[in-house]
Amino acid sequence: MAIGASEPSGSLAPWPCRAPAHGCPLGPGTAQAKRRRAGVSLGQKAGEGCRTVPLAGHVGFDSLPDQLVNKSVSQGFCFNILCVGETGLGKSTLMDTLFNTKFEGEPATHTQPGVQLRSNTYDLQESNVGLKLTIVSTVGFGDQINKEDSYKPIVEFIDAQFEAYLQEELKIRRVLHTYHDSRIHVCLYFIAPTGHSLKSLDLVTMKKLDSKVNIIPIIAKADAISKSELTKFKIKITSELVSNGVQIYQFPTDDESVAEINGTMNAHLPFAVIGSTEELKIGNKMMRARQYPWGTVQVENEAHCDFVKLREMLIRVNMEDLREQTHTRHYELYRRCKLEEMGFKDTDPDSKPFSLQETYEAKRNEFLGELQKKEEEMRQMFVQRVKEKEAELKEAEKELHEKFDRLKKLHQDEKKKLEDKKKSLDDEVNAFKQRKTAAELLQSQGSQAGGSQTLKRDKEKKNFF
Ligand SMILES: Nc1nc2c(ncn2[C@@H]2O[C@H](COP(=O)(O)OP(=O)(O)O)[C@@H](O)[C@H]2O)c(=O)[nH]1
Ligand SMILES: [Mg+2]
C-alpha cells in the first residue's frame, strides 16, 4: 500500500475519485447492490407487462458489469471515517493499525478549551485500486469540565459536509464526478474500557449523531479489561443503547452472500479492539502486538480482541454499504429537511404532484407578499415616527414660546424696576440740587450781611480816634 500526498487539516481538495453511490456505476455494480436491484426490477418489469425476448446469439451486454468495474477502478474511490472518542483512547493508533501504515499527526493534549475536528486526507493504493481516505478525528473530546456542548462541533461538521454536497448538487453546472465527496461514511465511536456503563457524554453524543451518520461503537484499549468483564460490558452497553433509543449501524443482512457473516457480526457489537504500531516477531511471523511484562497481546488474534472483525466488516465486506447508506439514508434525510425548509415539496395539499416551477412560483409569490407586507409595515412605521417627531417638535416649540414669554416678562419687570429706581434717583438728585441751591443762596445772603456790619464797625472806630 502506498500513501500519496496528505492535505492539511480541514482542507479537502477536489480529487477525481468515483462519484457518490447514486451516481456511480459501482453502486449498482457491487454484488450486493446488483442482487438487491435485480430482485426489484425484474418483479416490477413483469408487472408492467414487459415482453421477454430470447436472443439468438451472444450480443455482449453481459460485459456491462465489467465495464462498470473498470470505469470505477479508473476513477478511484473515496471513504471518509470519523473517529469520535476521548483524547488518548487510541483513535490515531487504531487508524494506523487498520490501514497498516503510519499516518502522520501530533498526539493531542488534554488542554483544549473546546472540541475540534482534525481532518486529513490521504491517497492510498492497493493493487490497482486507488482510495482517497479521509480520517477526521475529534481533538479535546471529553477534556472539558462542562461537556454539555461537546457534540455540537461534530454535528456541525457532519452537516457542513452534507451542505457542501447539496450545494454542488444544486449548482447549474455541477461536476459531481470530480467533486471530492467529504460526507462521513462511518463514525467509529470509541468507548473507554471502564467495564461499568456508558458515560452520559457517550449516550448524548451517539444520540445526536445517529440520524446523521453510520455509528459503529467500539470498546477501545480492550487489553485493559478481562474477558469475563468484557462480555458483561458488551451486554451492558448494548442494553443501554437500546433503552436510550440510540440507533447504531447494523451490518446488512439482505444480501445472501454476506447475510450470515453480517448477522453473526451484528451480535458481536460493540467490537472490542486493540491498536498497536509495534510489530513483534511471534513464531516466525512479524505481527502487530503490544508487549507487557506478563505477556503479549496480538492485535490480529481473534482470541485476544475483535480487531480483525472490525477490519473485515468495515473495509472488506461493508465499505460500499456504508457509502450507500450515507447517501441514501443520512444525506437523503438532510437533503429532504433542507429542501422542505426552503419551501420545496413534492405534492400540493391535495396530494397532486408539485413541479419545481410551481414551487418556485409559489415561493416567489410568498416572498413578494412578505416583501410587500414588510414594506407596508415599514411605511406605517415611518409615518408613525414622523408623526411622533412632529408632536415632539411642536411640544418643544411650545415650551420655547413659553420660555420666551417668561423671559420677556422678566425682562419687562426688570426694566420697570430699573426705571422706577432711576426715577427715584432722579428725584433724589433734583431734591439735592434744590437743597444745594437754597443752601448757596443762604450762604451768599449771610456773607452780604456780614460785610455791611464790618464797614459800620470800621466807621465807628474812625470816629472814636
Ligand atoms: N493499552 C493500550 N494502549 C493503547 C491502545 N491503543 C493505543 N494505545 C496507546 O494509547 C496512547 C494514546 O493513543 P493515541 O492513538 O494517540 O490516542 P488518541 O488521542 O485517541 O488518538 C498511546 O500511548 C498508544 O500507544 C490499546 O489498544 N491498548
Ligand atoms: Mg490522536
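Residue numbers run from 1 in the order of the sequence given. For ligands, and for the atoms within them, numbers begin at 1 and follow the listed sequence.
A salt bridge links Asp306 and Lys234; the closest N-O separation between the charged side-chain nitrogens and carboxylate oxygens is under 4.0 Å. For the pair Glu376 and Lys373, the salt-bridge criterion is not met [side-chain N within less than 4.0 Å of a carboxylate O]. A salt bridge does not link Glu324 to Arg329: none of the charged nitrogens lies less than 4.0 Å from a carboxylate oxygen. Between Arg335 and Glu332 there is a salt bridge, with a side-chain nitrogen of the basic residue lying less than 4.0 Å from a carboxylate oxygen of the acidic one. A salt bridge links Lys171 with Glu168: the closest approach of a Lys/Arg side-chain nitrogen to an acidic carboxylate oxygen falls below 4.0 angstrom.
In this comparison of Val299, Thr277, Thr93, Asp223, the heavy atom closest to atom 16 (O) of ligand 1 sits on Thr93. Nearest to atom 26 (C) of ligand 1 by heavy-atom distance, out of Glu86, Lys221, Met95, is Lys221. Across the listed options Arg290, Arg118, Glu278, Arg290 owns the non-hydrogen atom lying nearest to atom 4 (C) of ligand 1.
Below 4.0 Å from some heavy atom of Gly275 lie the following atoms of ligand 1, by number and element: 5 (C), 6 (N), 26 (C), 27 (O). Residue-ligand proximity, Ser92 to ligand 1, at heavy-atom distances under 4.0 Å covers atoms 15 (O), 21 (O). Against a heavy-atom cut-off of under 4.0 Å, Ile274 is close to the following atoms of ligand 1: 27 (O).
On a distance-only criterion, Ala222 and ligand 1 share no N/O pair closer than 3.5 Å. Among the atoms of Leu89, some N or O lies under 3.5 angstrom from an N or O of ligand 1.
Within the 2.8 Å limit, Thr87 places no N, O or S atom next to the Mg ion (ligand 2).
When only non-hydrogen protein atoms are considered, atom 12 (C) of ligand 1 lies nearest to Gly88 O, 3.7 Å. At the shortest separation from atom 17 (O) of ligand 1 among protein heavy atoms lies Gly90 N, 3.1 Å.
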After noting the C-alpha distance and the side-chain angles of Phe251 and Tyr249, does the key distance pass the ring-ring contact (aromatic ring centres under 6.0 Å, His included) rule?
CA-CA 6 Å; Phe251 303 116; Tyr249 174 72; 5.5 Å; yes
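By the criterion of a heavy-atom distance under 4.0 Å, neither the backbone nor the side chain of Phe141 is placed next to ligand 1.
Using a distance-only test at 3.5 Å, with no hydrogens or angles considered, a donor-acceptor pair links the side chain of Asp96 to the main chain of Phe103. Within the 3.5 Å criterion, the main-chain N or O of Gly85 finds a donor-acceptor partner in the side chain of Thr138.
Between Tyr331 and Phe162, the two ring planes are tilted [angle within 30° to 60°].
Contact annotation for atom 22 (C) of ligand 1: protein absent (non-hydrogen atoms, distance under 4.0 Å). Protein heavy atoms are found less than 4.0 angstrom from atom 8 (N) of ligand 1.
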